A.B. asks: 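Pasting in a structure now, in structure tokens, and then I'll have a few things to ask.
What you see is a predicted model, and the numbers here were worked out from it, not measured in a lab. Heavy-atom basis, side chains included; hydrogens, waters and symmetry copies ignored. Below, read A as the first sequence line, B as the second, and so on, with proteins coming before strands; counting in each chain starts at 1.
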Amino acid sequence: MLIGFDLKEKIKDLKRSGKKTPKDIFDIGVAYWLLNPDEEEYTPENLSRKYLHKNFDGSNIEFDELYRFAEKKIKEYKLDKLFYEVEMPLIGVLADMEVLGIKIDLKNLKALDKDLGKNIEDLAKIIYQEAGENFNINSSQQLSRILFEKLKIDSRGTRKTKSGKISTDIDTLMDIREKHPIVQYILNYREFYKLQSTYAMPFQELIGKDGRLHTTYVQTGTSTGRLSSQNPNLQNIPVSSRASISESAKADKTIGDDWAVRLRKSFVADKGYKLAAFDYSQIELRVLASLSGDPKMIDAFNNDLDIHKMTAANVFNIPLEKVTPEERRIAKTLNFGVIYGMGANAFAETSGLSVLQARKFIDEYFSDFKRIKEWQGQVKEHARKTGYVINLNGRRRWLLNAVSMFRGEAAEAERAAINMPVQGLAADIVKMAMVKINEDLKKKDWQDKARMLLTIHDELLFEISEDIIKEAEKLIANLMETVYELEVPVKVNVKTGKDWGTLE
DNA sequence: CGCATACGCGCC
DNA sequence: AAACGGCGCGTTTGCG
């Protein structure tokens with residue numbers, strides 16, 4: 001048995017040097033993360049100080065003590081199954097994905113970088129002209145001064161930041177878009193600058209000698225059970241952009257392409273392979289329906305209805321056929337908001353309704369889906385009574401603030417409480433699918449023909465050899481749908497293509 | 001100069 | 001004052 005910290009790194013080394021990897025492993029950091037997923041860092045130093053009440057001396061005796069304490073507690077909290085059957089086997093899967101990486105079309109990425117750079121320069125010139133002076137557009141403080149002090153744009157209804165300056169965030173800029181031509185230029189500038197500085201430029205530096213981009217998954221990176229991705233984060237690649245292609249770029253062959261799609265087109269399949277994205281359909285809402293046992297919600301999923309449309313029909317008391325796109329949009333916001341414990345103010349803000357209307361719709365929602373409200377009430381009560389919440393697999397999060405004397409803190413803990421069992425079970429399902437898929441692909445000797453590349457919370461991205469793609473699609477989608485049984489069907493959508501920007 | 005913080009924003 | 005759960009990251013700004 002291999003026991004220690006950062007076993008993913010050790011296993012990656014073994015894999016890279018072609019050595020066999022041990023079957024039984026115990027990652028001490030991951031174990032402590034299961035015991036409490038909200039620690040700052042899962043290092044021997046921190047854990048020793050907190051759980052053994054001593055300063056870490058680096059001795060084997062102390063490693064052993066940390067291990068034995070964790071092992072005991074994992075049993076005590078009934079986290080064995082999650083730890084030994086999901087998290088530990090997952091380490092090898094993550095190691096494979098990290099070592100393999102995803103192929104990048106560097107030419108495309110460089111061209112995008114260049115086009116973005118040109119647009120940024122052009123926009124900056126226009127913005128300086130409109131402002132009547134040169135300033136740092138990237139500084140929200142300077143921008144706030146230009147917009148609201150120098151140009152005196154009407155700031156009624158805007159929000160202030162902590163430091164007292166009027167906010168220049170996207171919502172504020174959208175609100176004042178009609179009031180001065182400079183605003184639209186700023187919006188476009190922001191979008192282009194983000195794409196270039198966060199994605200197009202740093203990615204070029206991070207591409208390996210193999211022409212592929214290798215992320216690092218942090219298994220102890222979240223409080224809910226999800227994975228996080230860093231250096232680079234491949235879980236927040238833009239999906240679509242708002243800004244249209246500028247005149248200067250229209251001249252070339254990228255016409256019609258969305259800027260974000262152009263970025264995604266830089267992620268490509270190897271020769272002889274295709275990319276395949278497997279996407280869980282509404283996994284969190286299905287989990288919520290299942291956990292709460294809400295009959296209307298369960299019925300909707302059993303009948304494969306459009307869940308947001310169904311919600312709209314209920315909240316607005318109209319037949320399904322009468323639901324307008326606007327009503328569906330509001331219902332969709334409501335569905336997601338409910339998972340997050342959203343209040344009337346936030347709902348009003350994101351949906352464009354008045355706070356009064358927002359309040360009314362939330363009330364209507366909870367009277368239509370009574371079991372959801374009941375379930376949330378039970379979870380909150382559990383958190384207050386015990387100081388923690390668990391999901392169906394025993395995954396645990398401590399929420400001692402649920403009884404905080406500060407209302408804000410207590411409310412925050414309650415929102416985290418109702419979200420964790422949902423987000424956390426969805427995360428477990430994806431992880432279990434990842435482990436099972438890798439096992440089955442190995443059994444079929446398909447590890448080189450169907451390679452798992454990325455996991456993006458409810459989506460798995462594969463690179464699959466063209467000769468087996470149909471078969472592999474069925475196998476993988478089926479495993480994902482059946483790895484964990486809910487009270488409603490679990491559904492997976494599959495899209496394939498030569499690159500990440502054009503999947504069908 | 002490095003570091004922490006505020007701000008802003010990309011994703012699910 | 002904040003008011004929506006979970007992340008990582010780039011830039012600016014102020015501080016030591």
Side-chain angles (χ1 to χ4, degrees), chain A residues 37-38 135-144 159-173 186-187 189-203 206 215-218 220-242 259-260 263-264 279-280 282-285 288 333-351 355 358-359 362 376 379 389 397 399 406-424 426-427 430 454-460:
Chain A
D38 285 293
F135 67 103
N136 189 343
I137 307 169
N138 296 323
S139 162
S140 50
Q141 283 188 42
Q142 292 181 40
L143 180 62
S144 188
R159 291 177 305 102
K160 292 220 168 99
T161 63
K162 269 184 195 167
S163 56
K165 286 269 192 307
I166 295 174
S167 172
T168 66
D169 69 9
I170 222 168
D171 290 336
T172 308
L173 294 183
I186 304 273
L187 282 166
Y189 174 95
R190 281 254 176 92
E191 182 164 350
F192 294 141
Y193 197 88
K194 177 90 179 178
L195 278 166
Q196 190 187 44
S197 68
T198 308
Y199 306 101
M201 282 180 61
F203 283 7
L206 291 167
T215 186
T216 301
Y217 290 103
V218 184
T220 57
T222 72
S223 310
T224 55
R226 277 186 178 177
L227 295 160
S228 72
S229 154
Q230 62 179 205
N231 305 314
N233 182 356
L234 295 183
Q235 291 179 324
N236 72 343
I237 307 300
V239 175
S240 66
S241 65
R242 215 188 30 69
W259 288 93
L263 174 63
R264 283 198 168 217
D279 204 308
Y280 276 108
Q282 310 289 1
I283 187 70
E284 292 197 348
L285 280 173
L288 178 64
T333 309
L334 207 40
N335 272 329
F336 282 111
V338 163
I339 295 177
Y340 304 148
M342 185 167 66
N345 288 299
F347 179 43
E349 194 65 42
T350 40
S351 63
V355 178
R359 173 87 273 153
I362 291 174
Q376 292 191 336
V379 174
V389 287
R397 182 176 186 185
L399 291 166
F406 301 106
R407 297 172 74 97
E409 271 184 10
E412 193 181 341
E414 285 190 344
R415 292 194 297 273
I418 59 169
N419 179 257
M420 186 272 173
V422 177
Q423 191 181 121
V430 177
L454 300 178
T455 168
I456 306 148
H457 309 307
D458 63 355
E459 172 186 349
L460 297 176

A.B. asks: Does the side chain of A:S351 pick up a donor-acceptor pair with the side chain of A:T333 at under 3.5 Å?
C.D. replies: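 Side chains of A:S351 and A:T333: no pair found under 3.5 Å.
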
A.B. asks: Between C:dG8 and A:S228, is there an OP1 or OP2 to side-chain N/O distance shorter than 4.0 Å?
C.D. replies: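 Affirmative; the distance criterion is met.
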
A.B. asks: Nearest to the side chain of A:S139, heavy atoms from C-beta on, is which of B:dC7, B:dG8, C:dT12?
C.D. replies: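 Closest of the options to the side chain of A:S139: C:dT12.
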
A.B. asks: What is the nucleic acid contact for A:T350, judged by heavy atoms within less than 4.0 Å: base, sugar-phosphate only, or nothing?
C.D. replies: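 A:T350: base contact, heavy atoms under 4.0 Å.
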
A.B. asks: Heavy atoms only, 4.0 Å cut-off, all strands: where does A:I418 land among base, sugar-phosphate and nothing?
C.D. replies: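 If one applies the 4.0 Å heavy-atom cut-off, A:I418 turns out to touch nothing in the nucleic acid.
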
A.B. asks: Can you give me the closest heavy-atom contact between A:E284 and A:A426, atom names plus distance?
C.D. replies: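 Scanning both residues completely, I find the closest heavy atoms to be CG-CB, 4.0 Å.
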
A.B. asks: Just to verify, what does A:Y340 make a ring-ring contact (aromatic ring centres under 6.0 Å, His included) with, not counting sequence neighbours?
C.D. replies: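 Partners of A:Y340 by the ring-ring contact (aromatic ring centres under 6.0 Å, His included) criterion come out as none, since no residue qualifies.
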
A.B. asks: Expressed as a whole number of angstroms, how long is the span from A:W259:CH2 to B:dC9:C1'?
C.D. replies: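 That distance rounds to 18 Å.
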
A.B. asks: How long is the straight-line distance from OG of A:S229 back to CD1 of A:I237, given to the nearest 0.5 Å?
C.D. replies: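 Between atom CD1 of A:I237 and atom OG of A:S229 there are 8.0 Å.
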
A.B. asks: Do you know the tightest heavy-atom contact between A:I166 and A:S144?
C.D. replies: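 So the minimum-distance heavy-atom pair works out to O-OG, 2.8 Å.
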
A.B. asks: For B:dG8, does either OP1 or OP2 sit under 4.0 Å from a side-chain N or O belonging to A:T168?
C.D. replies: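 Yes, such a contact exists.
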
A.B. asks: Does a side-chain N or O from A:R415 land closer than 4.0 Å to OP1 or OP2 of C:dG5, or not?
C.D. replies: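 Yes.
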
A.B. asks: Rounding to an integer number of angstrom, what distance separates C:dG6 and B:dG2 when you compare their C1' atoms?
C.D. replies: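 Taking atom C1' in both C:dG6 and B:dG2, they lie 30 Å apart.
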
A.B. asks: Contact class for A:G343 (heavy atom, under 4.0 Å): base, sugar-phosphate, or nothing?
C.D. replies: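 Sugar-phosphate, backbone atoms only, no base.
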
A.B. asks: Which nucleotide in the list C:dC9, B:dG8, C:dT13 gets nearest to the side chain of A:N231?
C.D. replies: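 For A:N231, the side-chain atoms sit closest to C:dC9.
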
A.B. asks: Of the candidate nucleotides C:dG10, C:dC9, C:dG8, which contains the atom at the shortest distance from the side chain of A:S197?
C.D. replies: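 Looking only at heavy atoms from C-beta outward on A:S197, the closest nucleotide is C:dG10.
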
A.B. asks: Of the nucleotides B:dG10, B:dC12, C:dC4, which has the atom closest to the A:Y199 side chain?
C.D. replies: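 Between B:dG10, B:dC12, C:dC4, the one nearest the side chain of A:Y199 would be B:dG10.
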
A.B. asks: May I have the distance from A:Y193 (atom OH) to C:dG10 (atom C1'), rounded to whole angstrom?
C.D. replies: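 It works out to 8 Å between those atoms.
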
A.B. asks: Remember a base hit wins even if backbone is also touched, and classify A:F336 as base, sugar-phosphate or nothing at under 4.0 Å, heavy atoms.
C.D. replies: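 Since no nucleic acid heavy atom lies under 4.0 Å of A:F336, the category is nothing.
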
A.B. asks: Take the protein atom CD of A:Q196 and the nucleotide atom P of B:dC9, then report the distance between them rounded to whole Å.
C.D. replies: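 These atoms are roughly 17 Å apart.
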
A.B. asks: Closer than 4.0 Å, any side-chain N/O of A:Q142 to the OP1 or OP2 of C:dT13?
C.D. replies: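 Yes, A:Q142 has a side-chain N/O under 4.0 Å of OP1/OP2 on C:dT13.
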
A.B. asks: Taking the P atom in each of B:dC7 and C:dA3, what is the distance between them to the nearest angstrom?
C.D. replies: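 Rounded to whole Å, the distance is 13 Å.
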
A.B. asks: Heavy atoms only, 4.0 Å cut-off, all strands: where does A:R407 land among base, sugar-phosphate and nothing?
C.D. replies: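 Answer is nothing: A:R407 stays at 4.0 Å or more from every strand.
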
A.B. asks: Under 3.5 Å, side chain of A:R397 to main-chain N/O of A:A417, donor-acceptor pair present?
C.D. replies: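 No, because the side chain of A:R397 does not come within donor-acceptor range (under 3.5 Å) of the backbone of A:A417.
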
A.B. asks: With a 4.0 Å cutoff (strictly under), does any side-chain N or O of A:R397 reach OP1 or OP2 of C:dG6?
C.D. replies: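 Looking at the OP1 and OP2 atoms of C:dG6, one of them is under 4.0 Å from a side-chain N or O of A:R397.
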
A.B. asks: Measure from the side-chain heavy atoms of A:N345 and tell me the nearest of C:dT11, C:dA3, B:dA6.
C.D. replies: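 My answer, after comparing the listed nucleotides, is C:dA3.
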
A.B. asks: Let me know which of A:T168, A:N138, A:D169 forms a side chain to side chain donor-acceptor pair (under 3.5 Å) with A:R190.
C.D. replies: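 Output: one option passes, namely A:T168.
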
A.B. asks: CD of A:E412 versus P of C:dG5: gap in Å, rounded?
C.D. replies: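 It works out to 6 Å between those atoms.
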
A.B. asks: Where the side chain of A:N136 is defined as all heavy atoms beyond and including C-beta, which of B:dC12, C:dC4, C:dT12 is the nearest nucleotide?
C.D. replies: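 Taking heavy atoms from C-beta onward, the closest nucleotide is C:dT12.
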
A.B. asks: Could one point to a donor on the side chain of A:R190 or the base of B:dC9 with an acceptor on the other under 3.5 Å away?
C.D. replies: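 Side chain to base: no pair present.
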
A.B. asks: With a 6.0 Å cut-off (strictly less than), is the heavy-atom count around CD of A:E349, excluding the residue itself, greater than 12?
C.D. replies: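 Result for CD/A:E349: open.
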
A.B. asks: Between atom CZ in A:F192 and atom C1' in B:dG8, what is the gap in whole Å?
C.D. replies: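 Distance, rounded to whole Å: 18 Å.
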
A.B. asks: Once you round to the nearest 0.5 Å, how far does CD of A:Q376 lie from CD1 of A:I339?
C.D. replies: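 It is 9.5 Å, given to the nearest 0.5 Å.
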
A.B. asks: Quick check: do A:L234 and A:I456 have side-chain heavy atoms less than 4.5 Å from each other?
C.D. replies: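 Not in contact.
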
A.B. asks: Pick base, sugar-phosphate or nothing for A:Q141, based on heavy-atom distances below 4.0 Å to the nucleic acid.
C.D. replies: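 Result for A:Q141 = sugar-phosphate.
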
A.B. asks: Rounded to whole angstrom, note down the P distance from C:dA2 over to B:dA6.
C.D. replies: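 About 12 Å, rounded to a whole number of Å.
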
A.B. asks: My validator wants the stems of DNA chain C: runs of 3 or more consecutive Watson-Crick or G-U pairs, both distances under 3.5 Å, written as range with range.
C.D. replies: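 Stems for DNA chain C, defined as runs of 3 or more consecutive pairs: B:1-4 with C:13-16, B:6-12 with C:5-11.
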
A.B. asks: How close or far is atom C1' of C:dC4 from atom CD of A:Q423, stated in whole angstroms?
C.D. replies: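 Rounding to the nearest Å, CD of A:Q423 and C1' of C:dC4 are 12 Å apart.
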
A.B. asks: Consider the side chain of A:N233, meaning its heavy atoms from C-beta on, and name the nucleotide among C:dG5, B:dG8, C:dG8 that approaches it most closely.
C.D. replies: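 Minimum distance to the A:N233 side chain belongs to C:dG8.
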
A.B. asks: Please determine, for the side chain of A:Q230, which listed nucleotide (C:dG8, B:dG10, B:dG8) has the closest atom?
C.D. replies: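 Looking only at heavy atoms from C-beta outward on A:Q230, the closest nucleotide is C:dG8.
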
A.B. asks: Is A:K194 touching bases, backbone alone, or none of the nucleic acid, heavy atoms closer than 4.0 Å?
C.D. replies: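 It contacts base atoms.
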
A.B. asks: Can you tell me the distance, in whole Å, between the CG atom of A:D171 and the P atom of B:dG10?
C.D. replies: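 Nearest whole value for this atom pair: 11 Å.
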
A.B. asks: To the nearest Å, give me how far apart CG (A:N419) and C1' (C:dC4) are.
C.D. replies: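 To the nearest whole Å, that distance equals 9 Å.
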
A.B. asks: So what does A:E349 touch, heavy atoms closer than 4.0 Å: a base, only the sugar-phosphate, or nothing?
C.D. replies: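 Touches nothing.
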
A.B. asks: With a 4.0 Å cutoff (strictly under), does any side-chain N or O of A:S163 reach OP1 or OP2 of B:dC7?
C.D. replies: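 The answer is yes; a side-chain N or O of A:S163 sits under 4.0 Å from OP1 or OP2.
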
A.B. asks: Among the nucleotides C:dG10, C:dC4, B:dC12, which one has an atom lying closest to any side-chain atom of A:P202?
C.D. replies: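 Nearest listed nucleotide: C:dG10.
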
A.B. asks: Within the 4.0 Å heavy-atom criterion, would you say A:I237 contacts the bases, only the backbone, or no part of the nucleic acid?
C.D. replies: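 The answer is sugar-phosphate, as A:I237 gets under 4.0 Å only of primed atoms, P, OP1 or OP2.
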
A.B. asks: Should the pair A:F203 and A:Y199 be assigned to parallel (<30°), tilted (30 to 60°) or perpendicular (>60°) ring geometry?
C.D. replies: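 Answer is perpendicular, since the angle exceeds 60°.
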
A.B. asks: Which nucleotide, C:dT11, C:dG6, B:dC7, lies nearest any side-chain atom of A:K162?
C.D. replies: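 Among C:dT11, C:dG6, B:dC7, the one nearest the side chain of A:K162 is B:dC7.
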
A.B. asks: Would you please confirm or rule out a distance under 4.0 Å between OP1 or OP2 of B:dC7 and any side-chain N or O of A:T161?
C.D. replies: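 Yes, within the criterion.
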
A.B. asks: Ignoring hydrogens and angles, are the base of B:dG10 and the side chain of A:N236 linked by a donor-acceptor pair under 3.5 Å?
C.D. replies: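 Such a pair exists between side chain and base.
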
A.B. asks: Does A:T455 place a side-chain N or O at less than 4.0 Å from the phosphate oxygens OP1/OP2 of B:dC12?
C.D. replies: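 False: A:T455 side-chain N/O out of range (4.0 Å or more) of B:dC12 OP1/OP2.
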
A.B. asks: Using a heavy-atom cut-off of 4.0 Å across all strands, would you classify A:V239 as base, sugar-phosphate, or nothing?
C.D. replies: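 Answer is sugar-phosphate: A:V239 comes under 4.0 Å of backbone atoms only.
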
